[in-house]
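So that the names make sense, note that chain A is the first sequence line, chain B the second, and so on, each numbered from 1.
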There are 2 protein chains.
Amino acid sequence: MTRPAVSSRDLPHPTREEIRLEGVLHALSDPMRLRIVRELAAVGEELSCSHFDLPVTKSTATHHFRVLRESGVIQQIYRGTAKMNGLRRDDLDGLFPGLLDALLDAADRQAVRPKSA
Amino acid sequence: MTRPAVSSRDLPHPTREEIRLEGVLHALSDPMRLRIVRELAAVGEELSCSHFDLPVTKSTATHHFRVLRESGVIQQIYRGTAKMNGLRRDDLDGLFPGLLDALLDAADRQAVRPKSA
DNA sequence: CCCGTACTACGATGCCTATCGTACGAGTCG
DNA sequence: CGACTCGTACGATAGGCATCGTAGTACGGG
């Protein structure tokens, strides 16, 4: 699913061709991860892990970022002490045109709905 | 997540408002269920459970159909001994315009790709 | 009424995963 | 160097889930 790491401190990512729709959907089916992706899309630029104020511990956050990276949804690189996260929009749009936008739009619509019973 | 059953032999479905994006994505993140949905979409009409020739036992198939129903992706009703399955296209399109088509298109594109390493 | 077909229910199993806490490694800045 | 920040690694835990097999229920037809 992922490329081997050539040096320490660099992170294995799937190539574009290795990205699987099922993996992307699974990654996005977790509320915490969907939230991360929505924020990345809204801001439109790379964000450090610590920028996100998630209601989970840091180890759990690390886990979610890894799932997103290994599924091909985000790309991560170290920038000094920070680890920057960016949406792989080009790859996703190339593989699945319109999907990411449809997903983000769906998430936006749901976010506006009454949280409900 | 689902309405209570009023009589035996009728199946609890979530109302349109109860359908959650995360649930839909989770349902579709399983290859077997994605396959079922793709077939339903391709045929465009209701299909009985037994119409599908899935590489799993019938108990497992029952499980997958239930997940799809409880997430709001399909609707199921008994018709004699058969249980018919239909895509809830109106509800999904109403909640998340364009999402279902984008997902089906993405699945089609992936299906054409070399299965790969 | 009896049988066959269609699907379910239940229990078991093994794997995956979301979560945490603690201890650690890598960089940066004084 | 030393301390601080950012993020990781590892182990534990608890719950979810895909799968199976077996036994059972509901319906329709002879």
**Q** Measure from CG on Leu68(B) to C1' on dC17(D) and round the result to the nearest Å.
**A** 14 Å
**Q** Name the residue closer to the 5' end of DNA chain C, choosing between Thr81(B) and Gly80(A) according to the nucleotide with the nearest heavy atom.
**A** Thr81(B)
**Q** Need one value for Tyr78(B): base, sugar-phosphate or nothing, where a base atom within 4.0 Å counts as base even if backbone is also close, heavy atoms only.
**A** sugar-phosphate
**Q** Report whether Val43(B) and Leu104(B) are members of the same hydrophobic cluster (ILVMFWY, side-chain heavy atoms less than 4.5 Å apart, transitive linking).
**A** yes
**Q** dG21(C) base to Ser59(A) side chain: any donor-acceptor pair below 3.5 Å?
**A** yes
**Q** Using atom CE of Met84(A) as one end and atom P of dT5(D) as the other, report the distance to the nearest whole Å.
**A** 19 Å
**Q** CD1/Ile19(A) to OG1/Thr15(A) distance, rounded to the nearest 0.5 angstrom?
**A** 7.5 Å
**Q** Using the salt bridge (charged side-chain N to carboxylate O under 4.0 Å, His left out) rule, collect all pairs that involve residues 45-60 of chain A, keeping only residues at least two apart or in two chains.
**A** Glu46(A)-Arg79(A)
**Q** How close or far is atom P of dT19(C) from atom CZ of Phe65(A), stated in whole angstroms?
**A** 13 Å
**Q** With rounding to the nearest 0.5 Å, note down the distance linking OH in Tyr78(B) to CG in Asp10(B).
**A** 9.5 Å
**Q** Which residues in residues 40-57 of chain A have at least one heavy atom lying under 4.0 Å from any atom of DNA chain C?
**A** Val56(A), Thr57(A)
**Q** Would you kindly compare Arg33(B) and His63(A) by the position of their nearest DNA chain D nucleotide and give the one closer to the 5′ end?
**A** His63(A)
**Q** Report the distance from atom CG of Leu25(A) to atom CG of Leu103(B), rounding to the nearest 0.5 Å.
**A** 6.0 Å
**Q** Could you state the atom-to-atom distance from CZ of Arg35(A) to C1' of dA18(C) in whole Å?
**A** 15 Å
**Q** Could you pull out all residues at least two apart from Pro31(A) that satisfy side chain to side chain contact (heavy atoms under 4.5 Å, CB included)?
**A** Glu22(B)
**Q** Starting from P on dG7(D), measure out to NZ on Lys58(A) and report it in whole angstrom.
**A** 7 Å
**Q** Heavy atoms within less than 4.0 Å of DNA chain D: which residues of residues 25-32 of chain A have one? Give them sorted by number.
**A** none
**Q** According to the salt bridge (charged side-chain N to carboxylate O under 4.0 Å, His left out) rule, which pairs have a member within residues 27-38 of chain B, sequence neighbours left out?
**A** Arg38(B)-Asp108(B)
**Q** Kindly say if Arg66(B) contacts the phosphate of dC7(C), meaning a side-chain N or O under 4.0 Å from OP1 or OP2.
**A** no
**Q** To the nearest Å, how far apart are Ile77(A) CD1 and dG27(C) P?
**A** 14 Å
**Q** Please step through side-chain hydrogen bond (donor to acceptor under 3.5 Å, both in side chains) for the pair Thr60(A) and Thr57(A), ending with a clear verdict.
**A** CA-CA 5 Å; Thr60(A) 303; Thr57(A) 63; 3.2 Å; yes
**Q** Is there a donor-acceptor pair under 3.5 Å between the side chain of His13(B) and the backbone N or O of Gln76(B)?
**A** yes
**Q** Just how far, in rounded Å, is P of dG7(D) from CD of Gln76(A)?
**A** 10 Å
**Q** Sequence neighbours excluded, which residues qualify as salt bridge (charged side-chain N to carboxylate O under 4.0 Å, His left out) partners of Glu39(B)?
**A** none
**Q** Provide, to the nearest angstrom, the distance between the CD atom belonging to Glu22(B) and the C1' atom belonging to dG16(D).
**A** 17 Å
**Q** Reckon Arg79(A) touches a base, only the sugar-phosphate, or nothing at all at heavy-atom distances under 4.0 Å?
**A** nothing
**Q** OP1 or OP2 of dC20(D) less than 4.0 angstrom from a side-chain nitrogen or oxygen of Thr60(B), does that happen here?
**A** yes
